Peer 1: 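Got a structure for you, questions after.
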Amino acid sequence: FDWIMEAIKRLKAYYKFNTQYEMTRDLQMGLFGELCTVLDFYDKGYEDILRGWKGPLREPQDFFISNHSYEVKTIGLHSEEIRINGARQLHSSYPLTLIVVMIDEIEDGISVHDLVQMINGRLDGVELELFNELLIKYGYLEMQQNVFHYAVCRISKYNVEDEFPR
């Protein structure tokens, strides 16, 4: 019976989106950067990373892990600035790190869907369910028509302290 209720819950979440819904390039870029960060944390041994992924929940920072906040910004190769969406993104009562993922859009690169599949391969059971719920909250749909492909050029990390420009 539980699986039926879970299937109904997922269908409701799916159908709350318009059937014409498409993730914008900016939204795909943001999700791409956050998924790269999820993989990076997994590679560093953080097994409980999905519980710390707050981006889909519209929290001020994208990740909160071990009493540390992380804000992820994804920018194009030729971007000259990083867009901060509100003063709260770079303020935290915990140590805060800004992660900048620089990407280039290329035809034979990696898509958000590719990253989702890579992460799915590491998960099972409850973790896989949680991941799918977070993706839905982010706005990701597998049948996305307008898919962009990227190469990661550089990932930079900055400690956000008092002197850090905001």
Side-chain angles (χ1 to χ4, degrees), residues 10 13-14 16-66 68-86 88-90 92 96-124 127-160:
R10 285 187 188 188
Y14 169 79
K16 88 176 176 184
F17 291 104
N18 181 322
T19 56
Q20 299 298 314
Y21 175 79
E22 290 289 326
M23 285 184 82
T24 64
R25 175 180 271 113
D26 285 347
L27 196 56
Q28 285 186 54
M29 284 177 65
L31 181 55
F32 188 93
E34 289 184 34
L35 293 175
C36 285
T37 304
V38 167
L39 284 169
D40 185 50
F41 277 119
Y42 270 127
D43 289 344
K44 290 181 175 154
Y46 291 91
E47 295 298 320
D48 206 22
I49 183 62
L50 294 178
R51 297 200 194 310
W53 185 23
K54 305 300 181 186
L57 306 176
R58 308 295 184 248
E59 295 286 326
Q61 286 84 39
D62 296 315
F63 293 90
F64 184 73
I65 302 156
S66 301
H68 195 107
S69 297
Y70 300 87
E71 176 61 27
V72 178
K73 293 295 177 185
T74 309
I75 61 172
L77 180 61
H78 303 292
S79 296
E80 295 182 12
E81 61 183 35
I82 297 169
R83 187 176 65 218
I84 304 300
N85 300 317
R88 292 181 47 198
Q89 279 195 317
L90 292 183
S92 175
L96 173 62
T97 299
L98 174 64
I99 300 172
V100 179
V101 181
M102 181 177 281
I103 60 176
D104 192 17
E105 188 175 331
I106 61 172
E107 195 172 309
D108 61 342
I110 299 169
S111 69
V112 167
H113 181 71
D114 296 332
L115 291 174
V116 167
Q117 295 307 310
M118 285 182 215
I119 295 169
N120 276 339
R122 297 177 179 215
L123 306 174
D124 58 17
E127 289 295 307
L128 185 57
E129 259 182 60
L130 175 60
F131 184 53
N132 287 325
E133 287 174 19
L134 290 168
L135 288 172
I136 288 170
K137 287 179 181 174
Y138 204 104
Y140 172 77
L141 299 174
E142 279 189 51
M143 72 283 299
Q144 174 78 23
Q145 299 299 313
N146 221 357
V147 177
F148 301 97
H149 295 84
Y150 304 103
V152 176
C153 301
R154 181 174 57 230
I155 297 176
S156 305
K157 297 177 182 178
Y158 305 93
N159 291 326
V160 179

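Being a predicted model, the structure only gives us computed values, none of them experimental.
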Peer 1: Answer yes or no: is there a side-chain heavy-atom contact under 4.5 Å between Asp108 and Ile106?
Peer 2: yes

Peer 1: Report the distance from atom CD of Glu129 to atom CG of Leu123, rounding to the nearest 0.5 Å.
Peer 2: 11.5 Å

Peer 1: Distance from Glu71 atom CD to Ile99 atom CD1, nearest 0.5 Å?
Peer 2: 9.0 Å

Peer 1: May I have the list of side-chain donor-acceptor pairs in residues 112-120 shorter than 3.5 Å, sequence neighbours left out?
Peer 2:
| unit_1 | atom_1 | unit_2 | atom_2 | d |
| --- | --- | --- | --- | --- |
| His113 | ND1 | Tyr140 | OH | 2.8 |
| Asp114 | OD2 | Ser111 | N | 2.9 |
| Asp114 | OD2 | Ser111 | OG | 3.3 |

Peer 1: How long is the gap from SG on Cys153 to NE2 on His78, to the nearest 0.5 Å?
Peer 2: 8.5 Å

Peer 1: Answer whether the closest heavy-atom distance between the side chains of Leu134 and Leu57 falls below 4.5 Å.
Peer 2: yes

Peer 1: Partners of Arg58 by side chain to side chain contact (heavy atoms under 4.5 Å, CB included), sequence neighbours excluded?
Peer 2: none

Peer 1: Can you name the ring-ring contact (aromatic ring centres under 6.0 Å, His included) partners of Tyr150, sequence neighbours left out?
Peer 2: Phe32

Peer 1: In Å, rounded to the nearest 0.5 Å, how long is the span from OG of Ser79 to CE of Met29?
Peer 2: 6.0 Å

Peer 1: Once side chain to side chain contact (heavy atoms under 4.5 Å, CB included) is applied, do any residues pair with Asn159, and if so which ones, sequence neighbours excluded?
Peer 2: Thr97, Glu161

Peer 1: State, to 0.1 Å, how close Val72 and Asp62 come at their nearest heavy-atom pair, and which atoms those are.
Peer 2: N-OD2, 2.8 Å

Peer 1: Among Phe41, Phe64, Tyr158, which one satisfies ring-ring contact (aromatic ring centres under 6.0 Å, His included) with Tyr70?
Peer 2: Phe41

Peer 1: Can you see which heavy atom on Leu90 is nearest to which on Leu96, and at what distance?
Peer 2: C-CD2, 3.4 Å

Peer 1: Closer than 3.5 angstrom, by distance alone: can the side chain of Gln89 be matched with the main-chain N or O of Ile84 as a donor-acceptor pair?
Peer 2: no

Peer 1: Is there any side-chain hydrogen bond (donor to acceptor under 3.5 Å, both in side chains) pair reaching into residues 43-54, and which pairs are they, with sequence neighbours excluded?
Peer 2: Glu34-Trp53, Asp40-Lys44, Asp43-Arg122, Asp48-Arg51, Arg51-Glu127

Peer 1: If you round to the nearest 0.5 Å, how far is CG of Leu98 from NZ of Lys157?
Peer 2: 11.5 Å

Peer 1: The test is side chain to side chain contact (heavy atoms under 4.5 Å, CB included); show your working for Tyr42 and Leu50 and say whether it passes.
Peer 2: CA-CA 10 Å; Tyr42 270 127; Leu50 294 178; 3.6 Å; yes

Peer 1: At what distance, to the nearest 0.5 angstrom, does CZ of Arg83 lie from OG1 of Thr74?
Peer 2: 11.0 Å

Peer 1: Using a 3.5 Å distance criterion without hydrogens, assess whether the side chain of Gln28 forms a donor-acceptor pair with backbone atoms of Phe148.
Peer 2: yes

Peer 1: Please answer whether the main-chain N or O of Arg88 pairs with a side-chain N or O of Gln61 as donor and acceptor at a distance below 3.5 Å.
Peer 2: yes

Peer 1: Checking Glu105 now: which residues fulfil salt bridge (charged side-chain N to carboxylate O under 4.0 Å, His left out) with it, not counting sequence neighbours?
Peer 2: Arg25

